[in-house]
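Beneath this line is the structure, given in structure tokens, with notes to follow.
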Amino acid sequence: MILGRERAALCETGRRLAAAGMVVGAAGNVSVRVGDLVAVTPGGVMLDRMAPGDCPVVDVEGHLVDGERAPSSETPMHLALYAETDAAAIVHTHSTYGTVVATTMDELPPVHYNTLLLGGVVKVAEYATYGTPELAASVRAAMAGGMRAALLANHGGVTVGRDLEEAFEHARLLEWLCGVYVRAKTIGEPRVLSEEQLARVVERALNPPAWPRRAAEDV
Ligand SMILES: [Zn+2]
């Protein structure tokens, strides 16, 4: 079986997403790219109950290369993001807080500096029907400029990574950031970090202060 290891990794990621409460039933999809091939989860299958053989392989143009099942209906979005970014893996979910923010906002207000780990302020891609080239184009636009995540209006969220592990962690981080924002909103008006405050975080991360070392005679 071609991409056997990657297809097994998709199954493992599906189980982890379900265990983390981020996917319900067959909602959500995951893919991993190797060269010009993409292994993707199938449509209509519970993400925590897949076998590697259930996951089809397509090429970057979308032709089916291997597998019996139809690729996820959001495969065009995955392919558009592989074209837009240097990602090697993509996770799409309908996780609760991400969907709440995607249903009410035009972007996820940066109330926590860890949004920078997703490339900056996460945008909400304009609504389009699931599975359509229009949705793929709108998500691609929201992800331009090195973003690692986007929210999909009235739908969910999507994250990319250099591997499945990173795409999964980005999905968890996106959901956490949305959860913080939504919960903060219930007790007051959240303070939003300014561009300058975010720029200082980047500066600090790039130039961490050196730890003062204890003098040798004191050791
Ligand atoms: Zn979806």
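Just so you know, ligand 1 is whichever comes first in the structure, and atom 1 is the first atom listed for that ligand.
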| said: Do the side chains of E107 and K123 get close enough for a salt bridge, i.e. N-O under 4.0 angstrom? | reply: no
N/O donor to acceptor pairs below 3.5 angstrom from side-chain atoms of residues 153-164, sequence neighbours left out:
from	atom 1	to	atom 2	distance (Å)
H155	NE2	H92	NE2	3.2
H155	NE2	H94	NE2	3.1
T159	OG1	A167	O	2.9
T159	OG1	A171	N	3.4
R162	NE	E166	OE1	3.2
R162	NE	E166	OE2	3.2
R162	NH2	E166	OE2	2.5
D163	OD1	E165	N	3.3
D163	OD1	E166	N	2.8

Side-chain atoms of residues 47-60: list all donor-acceptor pairs with protein atoms under 3.5 Å, sequence neighbours left out, distances to 0.1 Å.
from	atom 1	to	atom 2	distance (Å)
D54	OD1	R69	NE	3.1
D54	OD2	A51	N	2.8
D59	OD1	E61	N	3.0
D59	OD1	G62	N	2.9
D59	OD1	H63	N	2.9
D59	OD1	H63	ND1	3.3
D59	OD2	H63	ND1	3.0

Protein N/O/S atoms closer than 2.8 Å to the Zn ion (ligand 1), ordered by chain and number, come to H92 NE2, H94 NE2, H155 NE2
Nearest 0.5 Å, what's the CH2-OG distance between W176 and S95?
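Output value for this atom pair is 14.5 Å.
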So CG of L152 and OG1 of T99: to nearest 0.5 Å the spacing works out to 9.0 Å
Applying side chain to side chain donor-acceptor pair (under 3.5 Å) to S31 and not counting sequence neighbours gives H78, Y82
